[in-house]
Chemist: 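My structure is below; once you've seen it, I'll send some questions.
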Amino acid sequence: MENQVNVMPRIGDAAPQFTAVTTQGTINFPDDFKGKWKILFSHPADFTPVCTSEFMTFGTMAKEFEELNCQLVGLSVDGLHSHIAWLRTIKEKIDWKGKKNVEIQFPLVVDVTMNVAKLYGMIQPGESTTSAVRAVFFIDPEDKIRTILYYPLSLGRNFDEIKRVLIGLQTVDNFGVALPADWRPGDEVIVPPAGSCGVAKERMEGVDKELHCYDWFFCTKQISKAEVESKLGK
Ligand code: BEZ
């Protein structure tokens, strides 16, 4: 049992499959969302303040994720009626930081057995044995896990960062580049490292005028914001 709790899918693994009841009907994950990016995220409990602020933020941004060809799927270990009541309360009663009338249209998984939370390593006993931590799994259109974020119960997530990670992963795939610290669309990107002494020499001699090299192993080029944006959602 203890081992089961500690299963942690890793970056590069195939997203574990599950079938679950959600607020939008039964889903088969990730199969129902083939060809899309997916963000599967857990929250500790319905009707709690940090989680409510997070759902209002994600709900407000839902269209932006849709435009990035990304399906959001939430999860907690609460039951269906709790999920429905909480989402209704969010829509009908909560006015927070100018956000109101927020309708959550993405599926929220019912996981009273904790089977899905355990499958994804979302139960982290040092933090809580009875609820999921704030986990975020970024899963690509081929159903491979590409990034995992974990936050504790007491700290709400940064949804701008969640969107930045998704855009970053799509940019990495579309342009075959790596991205430096704090990258945002329009900033310089990192080109693959020199694979031979000859290329290293050429890079230091500035043969390729598109590149800016800080040293032979650290070369960048410019990709405009418009160019990045033209390929997003792929
Ligand atoms: C919250 O969402 O406010 C919360 C949930 C579980 C523990 C602490 C805070």
Side-chain angles (χ1 to χ4, degrees), residues 1-9 15-16 18 20-25 27 29 38-66 70-139 145 147-166:
M1 187 62 178
E2 190 63 16
N3 281 346
Q4 211 188 338
V5 168
N6 289 329
V7 168
M8 306 282 280
F18 63 86
V21 172
T22 82
T23 49
Q24 303 288 326
I27 62 168
F29 190 91
K38 290 142 301 261
I39 293 180
L40 174 66
F41 68 101
S42 55
H43 69 274
D46 299 344
F47 291 103
T48 51
V50 178
C51 300
T52 299
S53 70
E54 290 190 323
F55 264 67
M56 295 193 75
T57 306
F58 234 168
T60 306
M61 294 171 77
K63 194 157 184 337
E64 296 169 47
F65 285 89
E66 228 172 80
C70 180
Q71 175 68 50
L72 304 178
V73 178
L75 175 148
S76 82
V77 303
D78 298 285
L80 181 60
H81 292 169
S82 167
H83 281 351
I84 292 171
W86 182 46
L87 298 188
R88 284 176 61 85
T89 302
I90 286 175
K91 179 165 162 48
E92 288 164 14
K93 298 208 180 119
I94 312 287
D95 179 344
W96 175 70
K97 281 193 156 179
K99 296 175 177 55
K100 57 182 173 183
N101 199 30
V102 177
E103 184 162 3
I104 302 299
Q105 290 178 325
F106 54 81
L108 174 49
V109 169
V110 172
D111 191 29
V112 284
T113 60
M114 296 195 192
N115 284 343
V116 180
K118 286 174 186 166
L119 189 63
Y120 273 83
M122 293 164 169
I123 304 294
Q124 304 198 359
E127 183 72 347
S128 172
T129 52
T130 54
S131 58
V133 296
R134 301 181 196 281
V136 189
F137 287 83
F138 296 78
I139 298 164
I145 296 172
T147 299
I148 306 171
L149 304 175
Y150 289 112
Y151 287 60
L153 303 190
S154 51
L155 177 62
R157 287 162 277 208
N158 181 320
F159 289 83
D160 286 335
E161 172 63 1
I162 290 173
K163 186 175 171 189
R164 191 191 75 94
V165 169
L166 178 64

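All residue numbers refer to positions in the sequence shown, counting from 1. Being a predicted model, the structure only gives us computed values, none of them experimental. Indexing begins at 1, ligand by ligand and atom by atom, following the structure's order.
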Chemist: Give a yes or no answer on whether the side chain of Ser76 reaches the backbone of Pro44 with a donor-acceptor pair at less than 3.5 Å.
Modeler: no
Chemist: Under 6.0 Å between ring centres: does that hold for Phe55 and Phe41?
Modeler: yes
Chemist: For the backbone of Phe138 and the side chain of Thr147, can you confirm whether one donor and one acceptor N or O come within less than 3.5 Å of each other?
Modeler: no
Chemist: Measure from the side-chain N and O atoms of Ser128 to the backbone N and O of Thr130, and report whether any donor-acceptor pair falls under 3.5 Å.
Modeler: yes
Chemist: Assess the side chains of His43 and Asp46: does a donor N or O sit below 3.5 Å from an acceptor N or O?
Modeler: yes
Chemist: List of N/O pairs, ligand 1 versus protein, all under 3.5 Å?
Modeler:
from: ligand 1; atom 1: 2 (O); to: Thr48; atom 2: OG1; distance (Å): 2.9
from: ligand 1; atom 1: 2 (O); to: Val50; atom 2: N; distance (Å): 3.2
from: ligand 1; atom 1: 2 (O); to: Cys51; atom 2: N; distance (Å): 2.8
from: ligand 1; atom 1: 2 (O); to: Arg134; atom 2: NH2; distance (Å): 3.1
from: ligand 1; atom 1: 3 (O); to: Pro49; atom 2: N; distance (Å): 3.2
from: ligand 1; atom 1: 3 (O); to: Val50; atom 2: N; distance (Å): 2.7

Chemist: Ile145 versus Pro16: any side-chain heavy-atom pair under 4.5 Å?
Modeler: yes
